[in-house]
Peer 1: 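Just passing along the structure, written as structure tokens.
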Amino acid sequence: MSESVPARRAVGRLVVLGDSTSVGLGDPLPGGGWRGFGPLLADALGGCDLTNLSRTGARIGTVRHEQLPMAAKLRPDAAVIVAGMNDTMRSDFDPRQLRADLDHVVARLLDAGAVVVLASYHDHARVFRLPKVLRRALRRRVDELNAVIRSVVVERGVGCVDLDTLPGAYDLAAWSIDRLHPSELGHRMLAQGFAEQLTRAGCAVESPVSLVCAGGRVVAPWQHVAWLVLKGIPWVWRRGYDFAPYAFSVLFRTAAGDSRQSSWATWSNYSQENSVNS
């Protein structure tokens with residue numbers, strides 16, 4: 001007799017947590033508002049109930065203190081988290097605190113019975129032009145953030161979509177005009193990546209996520225310009241003002257011949273030797 005194949009876990013409720021990417025920025029709807037990867041993923045899971053608790057500007061601490069309590073009460077079958085980039089642009093960036101917060105979020109969701117999937121980040125300088133000093137500084141921060149995320153992924157045994165290796169992630173068509181948020185295509189790619197991770201975790205994915213764009217709103221060139229003037233440039237100015245002191249410290253250490261370990265190696269050694277649980 002042939003062995004029976006274990007039944008896959010149906011996902012009746014999906015919760016999305018995180019920042020503006022999780023909100024769906026970059027994938028506008030014809031009637032206003034944003035779609036993003038959440039509804040696309042929910043459709044692939046068979047039209048499950050979707051609760052999106054994310055908000056623009058959210059940081060990992062925001063996910064822990066504001067979004068997690070609501071998510072845990074819902075006892076979701078699956079939870080997807082995209083957060084951390086807003087932390088990299090702040091002067092109070094603290095990898096140890098980020099790890100404690102993220103680990104707490106993941107552990108609580110697992111305790112609530114959810115299959116959890118995270119996302120780690122790509123090299124933003126490959127899609128978003130930055131001065132060399134800012135590019136180097138942001139790369140260090142993103143490396144530290146990714147080390148935090150991967151440490152939690154390994155320790156908790158959860159899934160992760162790696163944007164650095166996601167096929168097509170560096171194609172400009174995958175990014176909106178701001179080059180910071182995915183376009184409709186980019187959100188579809190994210191939804192596809194999350195669906196693959198949920199499949200590996202034993203969840204039932206009823207239908208594949210299509211990469212053919214449909215249902216979104218076409219953004220006219222003048223709207224791109226208006227966004228850059230009214231939203232994009234002011235955002236870069238606000239974040240740059242907070243991020244600049246760190247960027248110039250990187251420039252100074254580099255010019256002075258700083259031979260200390262890279263931030264990635266330093267954090268990797270720390271995470272291996274001093275596992276933080278909260």
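Any value given below was found using the heavy atoms of this structure, including those in side chains, with hydrogens, waters and symmetry copies removed. Small disclaimer: the values here were computed from a predicted structure and weren't measured.
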Peer 1: Treat each ILVMFWY residue as a node, draw an edge where side-chain heavy atoms are under 4.5 Å apart, and state whether L53 and L41 are in one component.
Peer 2: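 Hydrophobic grouping puts L53 with L41.
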Peer 1: Taking a hydrophobic cluster as the set of Ile, Leu, Val, Met, Phe, Trp and Tyr residues connected by side-chain heavy atoms closer than 4.5 Å, whether directly or through intermediates, do V16 and L118 fall within one such cluster?
Peer 2: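 The answer is yes; both residues are in one hydrophobic cluster.
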Peer 1: Are the side chains of M189 and P182 in contact, using a 4.5 Å heavy-atom criterion?
Peer 2: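 They are not in contact (no side-chain heavy atoms under 4.5 Å apart), so the answer is no.
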Peer 1: Are E184 and R188 close enough for a salt bridge, meaning some N to O gap below 4.0 Å?
Peer 2: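 Yes, this pair counts.
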Peer 1: Between atom CH2 of W34 and atom NE2 of H181, what is the distance when rounded to the nearest 0.5 Å?
Peer 2: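 With rounding to 0.5 Å, CH2 (W34) is 8.5 Å from NE2 (H181).
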Peer 1: Identify the heavy atoms of A169 and A174 that sit nearest to each other, and give their distance.
Peer 2: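 Nearest pair, atom of A169 first, then A174: O-CB, 4.4 Å.
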Peer 1: Return the minimal non-hydrogen interatomic distance between A191 and L40, and the atom names on each side.
Peer 2: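 Closest approach of A191 to L40, heavy atoms only: CB-CB, 3.8 Å.
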Peer 1: Side-chain heavy atoms under 4.5 angstrom apart, residues restricted to Ile, Leu, Val, Met, Phe, Trp, Tyr: same cluster for L211 and L198?
Peer 2: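 Yes; L198 is reachable from L211 via cluster members.
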Peer 1: Do any N or O atoms from the side chain of R8 and from the backbone of T199 form a donor-acceptor pair under 3.5 angstrom?
Peer 2: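 Yes.
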Peer 1: Report yes if the side chains of V105 and V152 come closer than 4.5 Å at any heavy-atom pair, otherwise no.
Peer 2: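 No; the side chains remain at least 4.5 Å from each other.
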Peer 1: Run the ring-centre check on H122 versus W175 and record whether the distance is less than 6.0 Å.
Peer 2: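 When the ring centroids of H122 and W175 are compared, they turn out to be within the sub-6.0 Å range.
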Peer 1: Run the side-chain contact (heavy atoms from CB on, under 4.5 Å) test on E206 and D43 for me, step by step, so that the C-alpha distance in whole Å, both residues' side-chain angles and the decisive distance to 0.1 Å come before the verdict.
Peer 2: CA-CA 8 Å; E206 300 296 334; D43 288 344; over 6 Å; no
Peer 1: P30 and G215: which non-hydrogen atoms are nearest, and at how many Å?
Peer 2: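 P30 and G215 have their closest heavy atoms at CD-O, 3.3 Å.
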Peer 1: A112 and A72: which non-hydrogen atoms are nearest, and at how many Å?
Peer 2: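 It is CB-O, 4.2 Å.
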Peer 1: Considering only heavy atoms from C-beta outward, does the side chain of L17 approach that of L109 to under 4.5 Å?
Peer 2: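 Result yes, sub-4.5 Å side-chain heavy-atom pair found.
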Peer 1: Do the side chains of P76 and T51 get nearer than 4.5 Å, heavy atoms only?
Peer 2: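 They are not in side-chain contact.
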Peer 1: What residue among R141, R139, M85 forms side-chain contact (heavy atoms from CB on, under 4.5 Å) with H124?
Peer 2: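 The single option meeting the side-chain contact (heavy atoms from CB on, under 4.5 Å) with H124 is M85.
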Peer 1: How long is the straight-line distance from CD of Q97 back to CG of D92, given to the nearest 0.5 Å?
Peer 2: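 That separation rounds to 10.0 Å.
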Peer 1: Considering non-hydrogen atoms only, spot the tightest contact between L50 and A42 and give its length.
Peer 2: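 Shortest heavy-atom contact: CB-CB, 4.1 Å.
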Peer 1: Between the main-chain N or O of Y121 and the side-chain N or O of N146, is there a donor-acceptor pair closer than 3.5 Å?
Peer 2: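 Indeed, once roles are kept as given, a pair shorter than 3.5 Å links the two residues.
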Peer 1: Does any non-hydrogen side-chain atom of L98 lie less than 4.5 Å from one of D94?
Peer 2: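 D94 vs L98: side chains apart.
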Peer 1: Measure the shortest side-chain to side-chain distance between I81 and V116 over non-hydrogen atoms and say whether it is less than 4.5 angstrom.
Peer 2: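 Yes, at least one pair of side-chain atoms sits under 4.5 Å.
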Peer 1: Side chains of D77 and C203: closer than 4.5 Å at any heavy-atom pair?
Peer 2: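 Not in contact.
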Peer 1: Please answer whether the main-chain N or O of S22 pairs with a side-chain N or O of N52 as donor and acceptor at a distance below 3.5 Å.
Peer 2: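 Present.
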Peer 1: Are the side chains of R108 and R64 in contact, using a 4.5 Å heavy-atom criterion?
Peer 2: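 In short, these two side chains do not touch, never coming nearer than 4.5 Å.
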Peer 1: Would you say D19's side chain and N86's backbone share a donor-acceptor pair under 3.5 angstrom?
Peer 2: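 No, D19 side chain to N86 backbone: no donor-acceptor pair under 3.5 Å.
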Peer 1: Out of curiosity, L145 CG to L138 CG, how far, rounded to the nearest 0.5 Å?
Peer 2: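 Atom-to-atom, L145:CG and L138:CG are 10.0 Å apart.
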Peer 1: Closest approach of D123 and Y170, non-hydrogen atoms and distance?
Peer 2: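 Reported closest heavy-atom pair: N-OH, 2.8 Å.
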Peer 1: Please evaluate residues R35 and H187 with respect to the criterion side-chain contact (heavy atoms from CB on, under 4.5 Å), reporting the C-alpha separation (whole Å), side-chain torsions for both, the decisive distance (0.1 Å), and the verdict.
Peer 2: CA-CA 9 Å; R35 175 177 50 184; H187 278 285; over 6 Å; no
Peer 1: Using a 3.5 Å distance criterion without hydrogens, assess whether the side chain of S120 forms a donor-acceptor pair with backbone atoms of I149.
Peer 2: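 Side chain of S120 to backbone of I149, a donor-acceptor pair under 3.5 Å: no, none is there.
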Peer 1: Without swapping roles, check the side chain of S183 against the backbone of G186 for a donor-acceptor pair under 3.5 Å.
Peer 2: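 Present.
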Peer 1: Quick one: pull up OG in S151 and CG in D103 and give me the separation to the nearest 0.5 Å.
Peer 2: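 So the OG of S151 and the CG of D103 are separated by 8.0 Å.
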Peer 1: Using modelled atom types only, decide if a donor and an acceptor are shared between the side chain of Q67 and the backbone of T62 within a distance under 3.5 Å.
Peer 2: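 A pair under 3.5 Å: no.
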Peer 1: Would you give the length of the straight line joining atom CD of E144 to atom CZ of R96, rounded to the nearest 0.5 angstrom?
Peer 2: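 Rounded to the nearest 0.5 Å, the CD-CZ separation comes out at 9.0 Å.
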Peer 1: Roughly how far, to the nearest 0.5 Å, is the CZ atom of R13 from the CG atom of L45?
Peer 2: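 L45 CG to R13 CZ: 13.0 Å, rounded to 0.5 Å.
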Peer 1: What about V80 and V205, same hydrophobic cluster or not, with Ile/Leu/Val/Met/Phe/Trp/Tyr joined at side-chain heavy-atom distances under 4.5 Å?
Peer 2: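 As far as the 4.5 Å side-chain criterion goes, V205 and V80 are connected within one cluster.
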Peer 1: Is a side-chain N or O of D171 found less than 3.5 angstrom from the main chain of A173, in a donor-acceptor match?
Peer 2: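 Checking the backbone N and O of A173 against the side chain of D171, no donor-acceptor pair under 3.5 Å is found.
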Peer 1: Assigning hydrophobic clusters by single linkage (Ile, Leu, Val, Met, Phe, Trp, Tyr; side-chain heavy-atom cutoff under 4.5 Å), is L185 placed with V209?
Peer 2: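 No, separate clusters.
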